[in-house]
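To find a chain, count down the sequence lines: A is the first, B the second, and so on, and within it residues start at 1.
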Protein chains: 2
Amino acid sequence: MPDEARPGGITSAPFVDEYLLYLLAAVSDRASAQFHARARKAGLRVPEWRVLACLTDEDGAMVTRLARLSLLEQSRLTRIIDQMAEKGLVLRRPDPEDARRVRVFLTPDGRALATRLVEDARRHEAGVLDLLPARDAAQLKPVLKALLARLDGEAQV
Amino acid sequence: MPDEARPGGITSAPFVDEYLLYLLAAVSDRASAQFHARARKAGLRVPEWRVLACLTDEDGAMVTRLARLSLLEQSRLTRIIDQMAEKGLVLRRPDPEDARRVRVFLTPDGRALATRLVEDARRHEAGVLDLLPARDAAQLKPVLKALLARLDGEAQV
DNA sequence: TGCATAAATATGAAAATTCATATATCCTTG
DNA sequence: CAAGGATATATGAATTTTCATATTTATGCA
């Protein structure tokens with residue numbers, strides 16, 4: 001790869017390099033890309049891995065809830081569930097208490113794959129955190145958790 | 001909105017709630033959604049806003065570089081540039097020193113819009129950081145910057 | 001110089017994603 | 001208990017996105 005050719009035409013004060021939303025997206029992007037390469041080898045695309053991971057935590061979640069957890073739009077999730085069901089990873093069951101609802105469950109195969117990938121993800125995560133000084137690494141997740149809670153709790157800013 | 005119906009079927013130890021890559025994606029998602037609603041009102045879709053913001057920093061960047069900066073895949077960026085050019089926001093010019101390259105520039109209209117939105121973004125960012133205790137808020141960006149630098153510098157973990 | 005290889009961008013075709021909305025069920029209230 | 005409205009999921013159609021690859025230009029080296 002050649003050097004990151006920076007043309008003469010640079011403007012002035014940097015913006016994106018210092019912009020929180022950019023930093024979040026960029027870090028998420030790069031770090032995730034590393035792991036997603038592994039998920040791919042297990043035959044999963046990114047959203048499928050997300051769904052699998054979320055079901056690890058909340059097996060039997062209803063579609064709407066799962067969509068929110070998985071950071072996916074509902075109609076998209078519906079189609080992803082279709083595909084995962086075809087692959088034998090998940091299973092739809094109507095909610096006995098509310099016939100509008102559909103609950104999504106891991107199949108044994110799905111659970112086995114999820115377990116394997118979650119272990120892998122934990123290892124990968126450790127590797128990412130190792131890139132930071134211990135003090136920073138220790139604080140990052142708690143701060144993000146707090147921020148997420150606030151963002152979810154807030155009215156739109 | 002009804003309460004976040006948690007069915008009986010919760011598994012065991014939480015994973016995603018504590019998983020760095022999930023937290024990053026989730027925070028990025030939620031925080032960005034807030035701002036993206038504003039970008040939309042200016043007639044921009046998310047990737048277009050990203051490109052505009054990046055050009056604010058590096059006007060005249062070549063396509064490959066701009067794709068990397070904007071977190072977009074190259075062939076996608078090519079088409080987004082088409083659309084932005086049609087809207088009169090950007091302009092393609094061949095690089096005089098290397099005819100393979102195409103450099104992308106903001107038009108005056110593009111720059112005006114970018115300036116306006118960047119100001120807006122800065123205000124929004126301040127609002128997001130205000131959700132955190134001052135100490136945490138102060139550390140978040142530097143930590144993310146450091147992590148990004150490491151991720152970019154590293155071989156795949 | 002001429003060839004093989006690499007780099008930068010664009011593009012066709014398949015697949016995924018979005019947006020609006022249909023459908024089915026549930027809930028509230030008169 | 002019927003009607004109106006809300007909620008949950010699914011789906012059609014348009015648009016976007018991806019993936020592989022074509023095309024053009026540059027570069028290194030025999």
Calculate the interatomic distance between A/Glu97 atom CD and C/dC27 atom P; express it in whole Å. 10 Å
Side-chain ion pair, B/Asp98 and B/Arg101, N-O less than 4.0 Å: yes
Using whole Å, report how far CG of A/Asp95 lies from C1' of D/dT7. 13 Å
Applying ring pair (Phe, Tyr, Trp, His ring centres under 6.0 Å) to A/Tyr19 and not counting sequence neighbours gives A/Phe15
note: A/Arg93, atom CZ; D/dA8, atom C1'; distance rounded to Å ~ 18 Å
C/dA10 base to B/Gln74 side chain: any donor-acceptor pair below 3.5 Å? yes
What is the separation between atom CG on A/Leu66 and atom P on D/dT9, rounded to the nearest whole Å? 10 Å
Which side-chain N or O atoms in residues 130-146 of chain B pair as donor and acceptor under 3.5 Å with protein atoms at least two apart or in another chain?
| from | atom 1 | to | atom 2 | distance (Å) |
| --- | --- | --- | --- | --- |
| B/Lys141 | NZ | A/Glu18 | O | 2.6 |
| B/Lys141 | NZ | B/Glu125 | OE2 | 3.1 |
| B/Lys145 | NZ | A/Glu18 | OE2 | 2.5 |

Whole-Å distance between C/dA7 P and B/Arg101 CZ? 11 Å
Measure the distance from CG on B/Asp98 to P on C/dT9 and round it to the nearest whole Å. 8 Å
Judged by each residue's nearest nucleotide on DNA chain C, which is more toward the 5′ side, A/Ala99 or B/Val63? B/Val63
If only atom types and distance count, is the side chain of B/Asp57 paired as donor or acceptor with the main-chain N or O of A/Val16 below 3.5 Å? yes
Test side-chain hydrogen bond (donor to acceptor under 3.5 Å, both in side chains) on A/Thr115 and A/Glu119; report intermediate values, then the result. CA-CA 6 Å; A/Thr115 302; A/Glu119 280 168 20; over 6 Å; no
In whole angstrom, give the distance that lies between atom CZ of B/Arg103 and atom C1' of D/dT25. 15 Å
Atom pair distance, as rounded to whole Å: CE in B/Met62 and P in D/dA26: 13 Å
Could you go over nucleotides 17-19 of chain D and give all protein N or O partners under 3.5 Å, atom names and distances?
| from | atom 1 | to | atom 2 | distance (Å) |
| --- | --- | --- | --- | --- |
| D/dT17 | OP1 | B/Arg76 | NH1 | 2.8 |
| D/dT17 | OP2 | B/Arg76 | NH1 | 3.2 |
| D/dT17 | O5' | B/Arg76 | NH1 | 3.2 |
| D/dT18 | OP2 | B/Arg76 | NE | 2.9 |
| D/dT18 | O4 | B/Arg79 | NH2 | 2.9 |
| D/dC19 | OP1 | A/Arg40 | NH2 | 3.2 |
| D/dC19 | N4 | B/Ser75 | OG | 3.1 |

Salt-bridge test for B/Arg111 and B/Asp59: reply yes if a basic N is under 4.0 Å from a carboxylate O, no otherwise. yes
Hydrophobic cluster identity match, B/Leu72 and A/Val46, side-chain contacts under 4.5 Å: no
side-chain N/O A/Arg100 vs D/dA6 OP1/OP2, d < 4.0 Å: no
